[in-house]
Amino acid sequence: MARNLLSNPSGEEELDFWELTENGGNQWKVEDMPGDCGHDFCKDGVTKYFATSYELCLKRQVIDLLLEGYSSEQLDAQPAVTVEDWYCGRTDCGCTYQMTVCLLDENKEVIQEFKPEPVTLNPESDDCSWKQVSHTFSEYGTGLRFISFEHGGQDTKYWDGWFGVRVTGSSVTIEV
């Protein structure tokens with residue numbers, strides 16, 4: 001099984017390794033599963049998640065693939081790059097979720113991007129349980145050297161506290 005290239009994907013180390021690109025409202029927070037008005041996670045071993053607030057909260061990691069031990073030759077062979085993320089809302093407040101993953105060249109210019117439409121979770125019409133988003137990049141050309149993974153969101157009612165989307169269990173893997 002390919003190793004996860006993201007450090008601290010589920011908040012076990014609080015916010016270490018993450019660049020907080022947007023830190024609005026009451027800012028990012030790490031909470032224990034299942035949290036207030038939340039759901040248990042469907043995978044063993046994940047006990048924490050990142051919670052967002054009433055203004056946009058986004059966090060990012062940029063993975064240097066050469067530093068991770070991949071050779072230029074391996075990367076230029078266009079190995080499959082799979083990204084996964086898990087998100088959920090609270091049962092008492094709506095929220096939005098978004099993610100952007102970019103394959104980058106040596107100058108950190110975008111080779112290919114995965115940016116699904118933002119998702120709005122409404123507890124009146126959605127059970128707000130954990131949902132997975134996944135994408136595999138292939139046939140993206142040569143030159144891959146970095147991967148930028150960014151995700152987050154906010155609540156839809158602008159409530160003080162951490163009522164926004166929760167994220168955990170994120171991963172970036174390369175099949176070589």
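Numbering of residues begins at 1 and proceeds along the displayed sequence.
No side-chain heavy atom of Asp32 sits less than 4.5 Å from a side-chain heavy atom of Thr47.
In this structure, Pro34 and Asp40 approach most closely via the heavy-atom pair CB-OD1, 3.5 Å. Minimum heavy-atom separation, Gly89 to Cys95: CA-SG, 3.7 Å. Nearest heavy atom pair, residue Asn4 against residue Val172, reads OD1-N, 3.0 Å. When every heavy atom of Pro116 is checked against every heavy atom of Val133, the shortest pair comes out as CG-CG2, 4.5 Å. In this structure, Ser134 and Thr82 approach most closely via the heavy-atom pair OG-CG2, 4.1 Å. What you find for Pro9 and Ser170 is that their closest heavy atoms are CB-O, 3.0 Å.
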**Request:** Begin with the C-alpha distance, continue with both residues' side-chain angles, and end with the deciding distance and a verdict on side-chain contact (heavy atoms from CB on, under 4.5 Å) for Ile174 and Phe137.
**Result:** CA-CA 10 Å; Ile174 297 181; Phe137 293 94; over 6 Å; no
**Item:** Derivation of the side-chain contact (heavy atoms from CB on, under 4.5 Å) call for Ile147 and Val81
**Value:** CA-CA 9 Å; Ile147 300 172; Val81 176; 3.7 Å; yes
**Request:** For Gln132 and Glu84, run side-chain hydrogen bond (donor to acceptor under 3.5 Å, both in side chains): C-alpha distance rounded to whole Å, both residues' side-chain angles, the deciding distance at 0.1 Å, then the answer.
**Result:** CA-CA 7 Å; Gln132 184 183 44; Glu84 295 180 350; 3.2 Å; yes
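Put simply, CG on Leu15 and CG on Asn23 are 7.5 Å apart, with the number rounded to the nearest 0.5 Å. The OH atom of Tyr158 lies 8.0 Å from the OG1 atom of Thr156; values are rounded to the nearest 0.5 Å.
Using a distance-only test at 3.5 Å, with no hydrogens or angles considered, no donor-acceptor pair links the side chain of Asp155 to the main chain of Val165. One N or O on the side chain of Asn8 and one on the backbone of Glu13 form a donor-acceptor pair closer than 3.5 Å. Checked by atom type and distance alone, the side chain of Ser53 pairs as donor or acceptor with a backbone atom of Asn26 at under 3.5 Å. A donor-acceptor pair under 3.5 Å is absent between the side-chain atoms of Ser7 and the main chain of Phe17, judged by distance alone. Not a single donor-acceptor pair under 3.5 Å links the side chain of Gln27 to the backbone N or O of Gly24. Gln154 places a side-chain N or O within 3.5 Å of a backbone atom of Leu56 that can act as its donor or acceptor partner. Side chain of Thr168 to main chain of Lys48: a donor-acceptor pair is present (N/O by atom type, distance under 3.5 Å, no hydrogens or angles). Side-chain atoms of Glu22 do not come within 3.5 Å of backbone N or O of Cys57 as any donor-acceptor pair.
Heavy-atom contacts from other residues, nucleotides or ligands closer than 6.0 Å to OH of Tyr140 number more than 12. Counting heavy atoms of neighbouring residues, nucleotides and ligands inside a 6.0 Å radius, atom CD of Glu12 exceeds 12 of them.
Judged by a 6.0 Å distance limit and a 45° cone about the ring axis, Lys29 is not positioned over the six-membered ring of Phe50.
A salt bridge links Glu68 to Arg3: one of the charged nitrogens lies within less than 4.0 Å of a carboxylate oxygen. Using a 4.0 Å cut-off between a side-chain N of Lys or Arg and a carboxylate O of Asp or Glu, Asp105 and Arg145 do not qualify as a salt bridge.
Clustering ILVMFWY residues whenever any of their side-chain heavy atoms sit less than 4.5 angstrom apart, transitively, puts Val176 in the very cluster that holds Val83.
Annotation: side-chain hydrogen bond (donor to acceptor under 3.5 Å, both in side chains) contacts involving residues 107-128, sequence neighbours excluded, comprise Asp126-Lys131, Asp127-Ser129, Asp127-Lys131.
In summary, the side chains of Glu150 and Thr21 do present a donor paired with an acceptor at a separation below 3.5 Å, with no hydrogens or angles considered. Counted by atom type alone, Tyr49 and Glu31 present one or more donor-acceptor pairs between their side chains at under 3.5 Å. In the model, Glu19 has no side-chain atom that pairs as donor or acceptor with a side-chain atom of Gln61 under 3.5 Å.
For Tyr87 and Tyr97, the ring centers sit closer than 6.0 Å to each other. For His151 and Trp18, the gap between ring centers is short of 6.0 Å.
Under the ring pair (Phe, Tyr, Trp, His ring centres under 6.0 Å) criterion, Trp130 pairs with Phe41, sequence neighbours left out. Considering only residues two or more places apart in sequence or on other chains, Phe163 meets the ring pair (Phe, Tyr, Trp, His ring centres under 6.0 Å) condition with Trp159.
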